[in-house]
Engineer: 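Have a look at this one before I ask anything.
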Amino acid sequence: MRIDTAALAENWRTLDRLSRSAKAGAAIKADCYGLGVATCLPVLLNAGADHFFVAHWSEVAEASGYVEPSQLSVLHGPVTEEQARFAQICGAVPVINSIEQAKIWREAGGGRCQLMVDTGINRLGVRLQDLADPAIQALDVDVLMSHLACADEDSPMNARQLHAFKTALGAVRHKSASLANSAGIVIGPEYHRDLTRPGLALYGGIPRPELADVIRQVAFPEVMAIQTHELTAGDTVGYNAEFTAVRDMRVATVSLGYADGFLRSWNDEGWLEFGGQKLALLGKISMDMVVVDCTEAPDLSAGDWLNVPYFLPDAAQQSTLSQYELLTVLGQRFG
């Protein structure tokens, strides 16, 4: 896996600039969307990011090797007393999502936290009608936040959520506010508030057309051919013999499969690239191998490297996977 760290840094700087008076943070959950905390977090830090978001408490330890725990917000919050005590010890900041979490946090000692308000996505967050609860009102809220459900679309729900968020801003004491994700950054400055929370676009995803010309590809998977051989007309390839050669042809077996995140949804439209040529996939994708047609690459040999098409908008269309899935399903064997 070749990670273009210059592109990653430039993507953050672009999103920070588009956030105008707000500061861009960075979502680094799911191992920086599959591209590696060890690779990506130092780049984001050096680019200027200073507020980072993870989902699970288990993600805190690795990230704390590069940034202060106080720079980390844990989105799932303290569900148990053990998690609240861990937050108190390590210094990572919990995002409170419910009255129950607020009580758990206070009983553990309380202190600085973030507060997620549900403005319509109905996943995590305190409902507007519950913001007056004493447990919520007693919190020391650093960042009051919510999450947009339809920012990648021109949906009336965006305005409804913005209106609900404005209501929340007047209901809870807080130091700063955050609403916009990657897509939310470009739907209007009123969504920016004080802190934006880009994720997908940092790593090369393009959730809205306004970002198409400014976000750069970051991840470039490369895979090795491990064998080439000749098929005779009538030979079949792979499990269930789904491909039958209609002519004599040369093929290559490549070290790539669904264990690496290259799922079978790539089969119908998928291809790999060698020397500028597109080599069609043949037969079913296996756990560790795919077979490609070498007709357009007669010089391909075992040990050669092929490119996997991973410009995320195009790859999403080819594979039928979302851009988010394409990043986060990448396996651990990419180095």
Engineer: Check whether any side-chain heavy atom of P221 sits under 4.5 Å from a side-chain heavy atom of M1, and report yes or no.
Structural biologist: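 A side-chain contact exists here, since the closest heavy-atom pair is under 4.5 Å.
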Engineer: If I compare all heavy atoms of I121 with all of Q161, which pair ends up nearest, and what's the gap?
Structural biologist: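 For I121 versus Q161, the nearest heavy atoms are N-NE2, 4.1 Å.
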Engineer: Tell me, with the steps shown, if H229 and T253 meet side chain to side chain contact (heavy atoms under 4.5 Å, CB included).
Structural biologist: CA-CA 8 Å; H229 57 280; T253 302; 3.8 Å; yes
Engineer: Run the salt bridge (Lys or Arg N to Asp or Glu O under 4.0 Å) test against E68 and tell me which residues pass, sequence neighbours left out.
Structural biologist: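 Listed in chain order: nothing, the list is empty.
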Engineer: Of all the heavy-atom pairs spanning R264 and I285, show the shortest one and how long it is.
Structural biologist: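 Heavy atoms of R264 and I285 come nearest at NE-O, 2.8 Å.
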Engineer: If the test is side chain to side chain contact (heavy atoms under 4.5 Å, CB included), which one of L202, T328, V218 qualifies with L35?
Structural biologist: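 Only one option passes, and that is V218.
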Engineer: Tell me, please, which residues at least two apart from A183 pass side-chain contact (heavy atoms from CB on, under 4.5 Å).
Structural biologist: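 A151, D152, N181, P207, R208.
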Engineer: Just wondering, more than 12 heavy atoms not from R85 lying within 6.0 Å of its CZ?
Structural biologist: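 Enclosed: over 12 neighbouring heavy atoms sit under 6.0 Å from CZ of R85.
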Engineer: Side-chain contact test, heavy atoms from C-beta onward, threshold under 4.5 Å: evaluate it for K29 versus H56 and give yes or no.
Structural biologist: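 Result no, sub-4.5 Å side-chain heavy-atom pair not found.
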Engineer: Going by an N to O cut-off under 4.0 Å, is there a salt bridge joining R112 and D140?
Structural biologist: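 Looking at R112 and D140, the cut-off is not met.
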Engineer: Can we say E10 and R13 salt-bridge, meaning some charged N sits less than 4.0 Å from an Asp/Glu carboxylate O?
Structural biologist: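 Looking at R13 together with E10, the answer is yes, because their closest N to O distance falls below 4.0 Å.
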Engineer: Give me the ring orientation class for F86 and W57: parallel if the planes are under 30° apart, tilted from 30 to 60°, perpendicular past 60°.
Structural biologist: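 It falls in the perpendicular class, over 60°.
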Engineer: Are N240 and K284 linked by a side-chain donor-acceptor pair shorter than 3.5 Å?
Structural biologist: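 A pair is found: one side chain offers a donor N or O, the other an acceptor, under 3.5 Å apart.
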Engineer: Is D293 paired with R247 through a side-chain N to carboxylate O contact shorter than 4.0 Å?
Structural biologist: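 Here R247 pairs with D293 in a salt bridge, since their nearest N and O are under 4.0 Å apart.
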Engineer: Quick check: closest heavy atoms across R197 and F53, and the distance to 0.1 Å?
Structural biologist: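 Scanning both residues, the minimum pair turns out to be CD-CZ, 3.5 Å.
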Engineer: Restricting to salt bridge (Lys or Arg N to Asp or Glu O under 4.0 Å), what partner residues turn up for D304, sequence neighbours left out?
Structural biologist: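 By the salt bridge (Lys or Arg N to Asp or Glu O under 4.0 Å) rule, D304 matches no residue at all.
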Engineer: Taking all atoms of both residues into account, what is the closest heavy-atom pair of D130 and I136, and its distance?
Structural biologist: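 Of all heavy-atom pairs spanning D130 and I136, the closest is O-CG1, 3.8 Å.
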Engineer: Which heavy-atom pair separates L162 from L179 by the least distance, and what is that distance?
Structural biologist: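 Minimum heavy-atom contact is CD1-CD2, 3.9 Å.
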Engineer: Could you tell me whether the side chain of V186 reaches within less than 4.5 Å of the side chain of L211, counting heavy atoms only?
Structural biologist: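 Yes, at least one pair of side-chain atoms sits under 4.5 Å.
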Engineer: Mind running side chain to side chain contact (heavy atoms under 4.5 Å, CB included) on Q217 and D4 for me, showing each step along the way?
Structural biologist: CA-CA 8 Å; Q217 184 174 350; D4 187 339; over 6 Å; no
Engineer: L306 versus E222: any side-chain heavy-atom pair under 4.5 Å?
Structural biologist: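 Of all side-chain heavy-atom pairs linking E222 with L306, none is under 4.5 Å.
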Engineer: How long is the span from the CD atom in E59 to the CZ atom in F52, to the nearest 0.5 Å?
Structural biologist: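 Answer rounded to 0.5 Å: 14.0 Å.
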Engineer: I would like to know whether V251 and V237 meet side chain to side chain contact (heavy atoms under 4.5 Å, CB included); could you show each step before the answer?
Structural biologist: CA-CA 10 Å; V251 300; V237 172; 5.6 Å; no
Engineer: Ignoring hydrogens and geometry, is there a side-chain-to-backbone donor-acceptor pair from W12 to A24 under 3.5 Å?
Structural biologist: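 The answer is yes, because a donor-acceptor pair under 3.5 Å joins these two groups.
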Engineer: Taking the side chain as every heavy atom from C-beta outward, state whether L139 and W105 have any pair of such atoms under 4.5 Å apart.
Structural biologist: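 Side chain of L139 against side chain of W105, heavy atoms only: contact under 4.5 Å found.
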Engineer: Got a sec: does the CD of E210 have more than 12 other heavy atoms crowding it under 6.0 Å?
Structural biologist: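 More than 12 heavy atoms, drawn from other residues, nucleotides or ligands, come within 6.0 Å of this atom.
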Engineer: Is Y203 reachable from L45 through a run of I, L, V, M, F, W or Y residues, each pair having side-chain heavy atoms under 4.5 Å apart?
Structural biologist: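 Yes, because L45 and Y203 connect within a single hydrophobic cluster, where side-chain heavy atoms sit under 4.5 Å apart.
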Engineer: Would you call D118 and R123 a salt bridge, using N to O less than 4.0 angstrom?
Structural biologist: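 Here D118 does not pair with R123 in a salt bridge, since their nearest N and O are not under 4.0 Å apart.
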Engineer: Would you check if the side chain of D260 reaches a backbone N or O of F262 as a donor-acceptor pair within less than 3.5 Å?
Structural biologist: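 Between the backbone of F262 and the side chain of D260 there is no qualifying donor-acceptor contact (under 3.5 Å).
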Engineer: For D142 and H174, run side chain to side chain contact (heavy atoms under 4.5 Å, CB included): C-alpha distance rounded to whole Å, both residues' side-chain angles, the deciding distance at 0.1 Å, then the answer.
Structural biologist: CA-CA 6 Å; D142 181 9; H174 60 280; over 6 Å; no
Engineer: Do L327 and F220 land in one hydrophobic cluster if side-chain heavy atoms of ILVMFWY residues count as linked below 4.5 Å?
Structural biologist: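 No.
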Engineer: I need the minimum non-hydrogen distance between A201 and I215, along with the two atoms involved.
Structural biologist: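 Closest heavy-atom pair between A201 and I215: O-CG2, 3.4 Å.
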Engineer: Testing D50, D16, D194, T196 for side-chain hydrogen bond (donor to acceptor under 3.5 Å, both in side chains) with K23, which one passes?
Structural biologist: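 Of the listed residues D50, D16, D194, T196, the side-chain hydrogen bond (donor to acceptor under 3.5 Å, both in side chains) partner of K23 is D50.
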Engineer: For the residue pair Q101 and S98, confirm or rule out a side-chain donor-acceptor distance under 3.5 Å.
Structural biologist: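 Their side chains do not contain a donor-acceptor pair, so the 3.5 Å distance test is not met.
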Engineer: Any side-chain heavy atom of W266 sitting closer than 4.5 Å to one from Q318?
Structural biologist: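 They are in contact (side-chain heavy atoms under 4.5 Å apart), so the answer is yes.
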Engineer: Assess whether atom CD of Q332 is packed by more than 12 heavy atoms of other residues, nucleotides or ligands within 6.0 Å.
Structural biologist: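 Atom CD in Q332 is not packed in, count stays at 12 or less.
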Engineer: Do S73 and V54 have side chains that approach each other closer than 4.5 Å (heavy atoms only, starting at C-beta)?
Structural biologist: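 Of all side-chain heavy-atom pairs linking V54 with S73, none is under 4.5 Å.
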Engineer: Answer yes if V254 and L282 sit in the same cluster of Ile, Leu, Val, Met, Phe, Trp and Tyr residues linked by side chain heavy atoms under 4.5 Å apart, and no otherwise.
Structural biologist: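 Cluster IDs for V254 and L282 differ.
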Engineer: Counting neighbours of CZ on R173 that are heavy atoms of other residues, nucleotides or ligands and sit closer than 6.0 Å, is the number greater than 12?
Structural biologist: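 Not buried by this count: 12 neighbours or fewer within 6.0 Å.
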Engineer: In the structure I gave you, are the side-chain heavy atoms of L312 and I206 within less than 4.5 Å of one another anywhere?
Structural biologist: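 A side-chain contact is absent here, since even the closest heavy-atom pair is not under 4.5 Å.
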